[in-house]
Every structure is written in C-alpha cells, then in structure tokens.
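Working notes, beginning with the structure itself.
Throughout, residue positions are numbered sequentially from 1 according to the sequence presented.
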Amino acid sequence: MPAKAPIKKSPAAKAAPAKPQAAPVPVPEPVEEVPTPVPEAPAPIPEPVENTVQEAPAPPTEPPAPEAEVSVPAPETPTPAAEPEKAPEVVEPPPPEPKEEPPSEPTDLTVDEIDDTSISLKWKAPEKEGTTALDGYLLEYQKEGSQEWIAVNKEPSVSTRYKIQNLNTGDKITVCVKAVSKAGSSAPRALENFVQIREIVDRPKIRLPRYLRQTFVKHVGEAVNLVIPFQGKPRPQVNWTKNGQPLDPKHASVRNSESDTILFIRNAERKDSGTYELTVQIDTLEDKAKIEIKIAERPGPPKSIKLLDVWGFNAALEWTPPLDDGNSDITGYTVQKADKKTGEWFTVQEHYRQTNCTVSDLIMGNSYYFRVFSENLCGLSEKAAVIKDAAVIKKTGITYKPPEYKERDFAEPPKFTQPLANRATTTGYSTKLFCCVRGSPKPRIVWLKNQMEIREDPKFRCLVNQGVCSLEIRKPCPFDGGVYTCKAINSLGEASVDCRLDVRVPQ
C-alpha cells in the first residue's frame, strides 16, 4: 500500500495556533477525506494554498500592539522591578548605645556639728560623675549593734551638707552617703567610727599665739617652754606629735590642763628641730595647729678665702660657704680689713650675701689683711677665715724722689686737747666720762677716783681709741660719786685732768 504523501502547511497555518482567532480553521479535515493519492498528484497542495491565501490578510488586520506586548515580559513592567537595582547599597547598623556608668562615691565625709538630738555632716562631690549628671545624695544611718540602715531622705539632696534631726540622745550612730544619678547610685561612703549623739557645749579650738605662727627659733642649750591655750567643753583630748611621730617623753614633756597645754624641753638640741603638731579633739570634732621649731647655733667660719687679684686701690676676694651652717640658713657675711701697720680691723661689708667681694679705697703703699665672718639667725661665727698673705697696694706711675728734709722730732709730752666735764647722774643709770689726749710716744692712761687708782674693777670700763679716753661707770650708786682724774704718762712727761661726778638718789 503506497504511503501517504506528507501534507505541507503554509506559514500562515503554522502561526494560526498562536492566534486565538485562527484556531477554528478546519485544516486537517480535507486532508483526511483525500484518498490515497499518487505521490505525484498535486491535488492536496492547492487546498493549503487556498487556506494560505485566505489567511494571508489576517496579519495586517491585526494591530501591531499585541506583538509589542508579547515581546516585553509582563513581570518587568511593575515598579518593584527597580528595587533590586539598589541592592548594592549597604546599610550600616546603628551604633550600640553607650553603657551607663554610675558616679563614684563621695569623698571626705566628716562631722561638722553635733548636739543632743541632731548631727550635721559635710562631704565633697565624687571625683567621677559617670555618664549622666548627678541628681543629688541619699543618706542613711545605722545604730550601734544593729544591722538595719535607716533612710534619712527619700528625695536626693543637692547640697553637700545635711543635718539629721530627731535623733535620740546617747545613741551611737554611723552615717553613709551615696551619690545618685539616672545611671544608678554610687558605692556608699561611711564615717570611720560611730558617733555618739550628745550635746557639745563648746567646739574644740586652739588659740595659737601670734609668735608661734612663724618659725620659732631657739639657741642650742636654751629651754623651750611653749604655753598654748585652747577651748572646748567637755574637756578635749590633747595629743602632741613631732614630724608625724609621738614625742619622746624622756626628752620633751607635756603638761595639760583644762584650758592650755605646755610643751617643755629643758636643754634644746639640734635634733629637737622639726614640725610639731597639736591636736585637740572631742569625739570626732578636732582642731589642729602646726608649729615649726628650729634649734640653731652660730655657724662655722667660711670654708676658705682667696685673694684673687690686686689692682690700683682695689682687692678682689672670694670664699666658700661654711661647712656648718648652725642648723639655720646663712643670712650673710661680714668682711673686714686691717692695715698691716696698725693691725686694727675695720668692717668693709656687713650682711653681704654673695661669696665674692671687691674692697676699694685702699691706700697706696700699704699692705692689708682681710677676714670674713659668716652669719645666721644666731649671729656671727665665732671664728673668721683670714687670708694667708697680705695684699700689697703697690705704687704706680712716675717714680718720684721726694726732697730730703731734716727729720722732725714729733716727740712731745702728753697733752689733753679735751678735758673732762663735770657730770651728774641718777642712781642705777650707767654713765660715761670722756676726754681727749695726744702725745708721742703713745701715752699710758690711768684713771683715779679720789686720788685712788682704779684697777681691775668690773664696775668700771676703761677704753682708749685714737686718743679718745672714756670711762664707763655701770649702774652707779651714791658711793661712786666724787672726783675722777684721767692721767696720761709717757717718757717725756705726764698730764692729768679731773672732774666731779654727782650721783643723785631719786625721790
């Protein structure tokens, strides 16, 4: 049986299934009715051509819009399709909120005042406030022997002072304070000891004398006797310390009474110098006073002295501070000079603070020695540093040959240029008698009272300086009145002057 020829469909027929309107076209029916044709028979071909001819105008009749709709996928048209384009943007999570920290505990909690029914306290703000501002302070108190803490204030107090009232007389309590903020409360700050609620009539107070408000200086070997009054009722407890340590009872004694305390050191030594602290205490109330005591003595002489240079009428000196300052600061130096001929010392500089000095106005042709004393609060050093070799002030300039003159004899017997004058004095008041004398060689001076020579008597003091003769009579009495004579004697003769001294008795 010959095979059926394949039926070819036009392009229009192929597109028909895609169109809803072309579906009802009965294309397969004519194919089934055709008998088995010969393969060469083209009879079945015209039928599809006719169908193609009939269906060819269908595409132009349809609008192009549906084709455009088919080409664009429906899910791409909604607006949500634009959201995936922003997906690369990374959104950072919000930072974590800082952890809130409560404030630190208050500091320096002390009792300010106390009486029979209340207690006043004061303290300082905490060092760290935490993350939020302080709202105030809460107080609690606890009685001795009890474990219960009783709240004082429900609302935080802004002030750093508080007075707890309505307490029972005689109770012993301790108080604690907490700093409060929105972040929480701090650790409590409590009093170190229990405080008894009782009336204190008078707070303890030290009345330090004015002369003890500065450094108190005593010389070595002197006695230290400090009387310091204080007040307080009931009688306060008194405590002395030296440089933070208790006093040695073998060396320093303390005597206390109801109104004062006495610190006594019989023989002061250098080791007694230091800071003494007096504490007067009633329960937790106290008053303190510090006293600086310095036990000093005269310093030693400067360590060394050198003559640096001599030029013209000047000499330059230099020295070093003493090894021993006498336990007191060196306040200065005293510089003195002495002519080699006379040997008498004259002060050039006094209270001089530097360790080098230039001495001027020296006489040409003379030789000088120099010495230096060190000085502190106790006075000048007992010894001085003296240069070894004399400073020679040389003559400078043109050599001058003086003319020759006959030597003149300056020798002369004593002669008073200023006689004694009569004086009157009062019993108990020292007096002096003066006169002036000249002579060559230097005369010897002798004083007489009522023609009796005055010898070594501590009541009388005789001095001779550059021809000025003086006689000091210390605290005279009526018996010391009379005629006083000053006699000058040398190898060429003698001279004398006299006066009368009247000693009156006050009525």
Side-chain angles (χ1 to χ4, degrees), residues 206-230 240-255 260-279 288-306 317-338 344-359 369-387 430 461 474:
I206 300 172
R207 300 196 174 277
L208 193 65
R210 186 179 298 274
Y211 71 94
L212 293 179
R213 296 177 187 175
Q214 55 188 1
T215 303
F216 182 72
V217 180
K218 277 288 186 179
H219 295 182
V220 173
E222 294 182 349
V224 177
N225 188 19
L226 304 181
V227 181
I228 303 175
F230 59 82
W240 282 89
T241 59
K242 175 193 173 185
N243 297 330
Q245 301 296 327
L247 296 180
D248 184 5
K250 296 181 180 179
H251 196 67
S253 60
V254 176
R255 302 174 187 174
D260 59 23
T261 178
I262 300 174
L263 175 65
F264 181 74
I265 303 174
R266 186 175 299 277
N267 293 317
E269 301 177 4
R270 282 196 186 184
K271 65 180 181 179
D272 296 324
S273 302
T275 302
Y276 291 76
E277 185 175 27
L278 171 63
T279 304
K288 296 182 179 180
K290 291 185 177 181
I291 304 170
E292 293 287 340
I293 297 180
K294 181 175 288 188
I295 308 301
E297 60 183 348
R298 290 187 178 186
K303 187 176 179 182
S304 63
I305 182 172
K306 297 178 181 179
L317 306 174
E318 186 180 27
W319 60 90
T320 56
L323 294 176
D324 182 13
D325 60 358
N327 198 28
S328 179
D329 295 336
I330 299 298
T331 58
Y333 301 92
T334 298
V335 182
Q336 294 182 346
K337 68 176 180 179
E344 295 185 8
W345 292 97
F346 296 92
T347 300
V348 177
Q349 296 283 357
E350 197 171 8
H351 310 300
Y352 190 74
R353 302 190 67 88
Q354 300 182 10
T355 57
N356 51 69
C357 173
T358 300
V359 182
Y369 285 100
F370 300 97
R371 67 180 182 183
V372 180
F373 293 88
S374 53
E375 183 180 4
N376 66 0
L377 294 175
C378 298
L380 297 177
S381 58
E382 295 181 358
K383 297 181 179 180
V386 186
I387 62 174
S430 300
R461 185 184 179 190
R474 300 174 180 176

Review item, side-chain donor-acceptor pairs of residues 265-276, under 3.5 Å, at least two apart:
{"from": "R270", "atom 1": "NE", "to": "E297", "atom 2": "OE2", "distance (Å)": "3.2"}
{"from": "R270", "atom 1": "NH1", "to": "D324", "atom 2": "OD1", "distance (Å)": "3.2"}
{"from": "R270", "atom 1": "NH2", "to": "E297", "atom 2": "OE2", "distance (Å)": "2.7"}
{"from": "R270", "atom 1": "NH2", "to": "D324", "atom 2": "OD1", "distance (Å)": "2.8"}
{"from": "R270", "atom 1": "NH2", "to": "D324", "atom 2": "OD2", "distance (Å)": "3.0"}
{"from": "D272", "atom 1": "OD1", "to": "H251", "atom 2": "NE2", "distance (Å)": "2.8"}
{"from": "D272", "atom 1": "OD2", "to": "H251", "atom 2": "NE2", "distance (Å)": "2.8"}
{"from": "D272", "atom 1": "OD2", "to": "E269", "atom 2": "N", "distance (Å)": "2.8"}
{"from": "S273", "atom 1": "OG", "to": "R270", "atom 2": "O", "distance (Å)": "3.1"}
{"from": "S273", "atom 1": "OG", "to": "I295", "atom 2": "N", "distance (Å)": "2.8"}
{"from": "S273", "atom 1": "OG", "to": "N327", "atom 2": "ND2", "distance (Å)": "2.9"}
{"from": "T275", "atom 1": "OG1", "to": "E292", "atom 2": "OE1", "distance (Å)": "3.2"}
{"from": "T275", "atom 1": "OG1", "to": "E292", "atom 2": "OE2", "distance (Å)": "2.7"}
{"from": "Y276", "atom 1": "OH", "to": "D272", "atom 2": "O", "distance (Å)": "2.8"}

### Message
Measuring from atom CG of L208 to atom CD1 of I291, what distance do you get when rounded to the nearest 0.5 angstrom?
### Response
5.0 Å

#### Entry: Check: T334 and T347 side chains under 4.5 Å, non-hydrogen atoms
yes

#### Entry: Exam field: side chain Q245 to backbone K242, donor-acceptor pair closer than 3.5 Å
no

### Query
From I305 CD1 over to E318 CD, what is the distance, rounded to the nearest 0.5 angstrom?
10.0 Å

### Sub-4.5 Å side-chain heavy-atom contact between T320 and P302
no

### Task
Report the distance from atom OG of S304 to atom CG of L323, rounding to the nearest 0.5 Å.
9.5 Å

### Message
With side chain to side chain contact (heavy atoms under 4.5 Å, CB included) as the criterion, how do L317 and N356 come out once you've worked through the C-alpha distance, each side chain's angles and the decisive distance to 0.1 Å?
### Response
CA-CA 6 Å; L317 306 174; N356 51 69; over 6 Å; no

### Query
Which residues pass the ring-ring contact (aromatic ring centres under 6.0 Å, His included) test with Y333, sequence neighbours left out?
W319

### Task
May I ask you to test the F373-E382 pair for a side-chain heavy-atom distance under 4.5 Å?
no

### Chi angles and distances behind the side chain to side chain contact (heavy atoms under 4.5 Å, CB included) call for L278, T261
CA-CA 9 Å; L278 171 63; T261 178; 3.8 Å; yes

### Message
On a heavy-atom basis, which atom in P301 and which in A385 lie closest, and how many Å separate them?
### Response
CB-N, 4.2 Å

#### Entry: Donor-acceptor pair, side chain of D248 and main chain of K250, under 3.5 angstrom
yes

### Message
Run L263 and V227 through side chain to side chain contact (heavy atoms under 4.5 Å, CB included) and show every step you take.
### Response
CA-CA 7 Å; L263 175 65; V227 181; over 6 Å; no

### Query
Is any side-chain heavy atom of L226 closer than 4.5 Å to a side-chain heavy atom of I262?
no

## Note on the structure
Rounded to the nearest 0.5 angstrom, the CG-SG distance for D325 and C378 is 10.5 Å

### Message
Is the shortest side-chain heavy-atom distance between L247 and T241 below 4.5 Å?
### Response
no

### Query
Taking side chain as C-beta onward, heavy atoms only, is W345 less than 4.5 Å from R371?
yes

### Task
Over all heavy atoms of both residues, which pair between P299 and G379 is shortest? Give the atoms and the distance, please.
CD-O, 3.7 Å

#### Entry: Any I228 side-chain heavy atom under 4.5 Å of I206 side chain
yes

### Task
Please name the pair of heavy atoms, one in P321 and one in K303, separated by the smallest distance, quoted to 0.1 Å.
O-CB, 3.5 Å

### Message
So, taking the atom named CD in Q349 and the one named OG1 in T358, what distance separates them when rounded to the nearest 0.5 Å?
### Response
9.0 Å

### Query
Roughly how far, to the nearest 0.5 Å, is the CD atom of E375 from the OG atom of S328?
10.5 Å

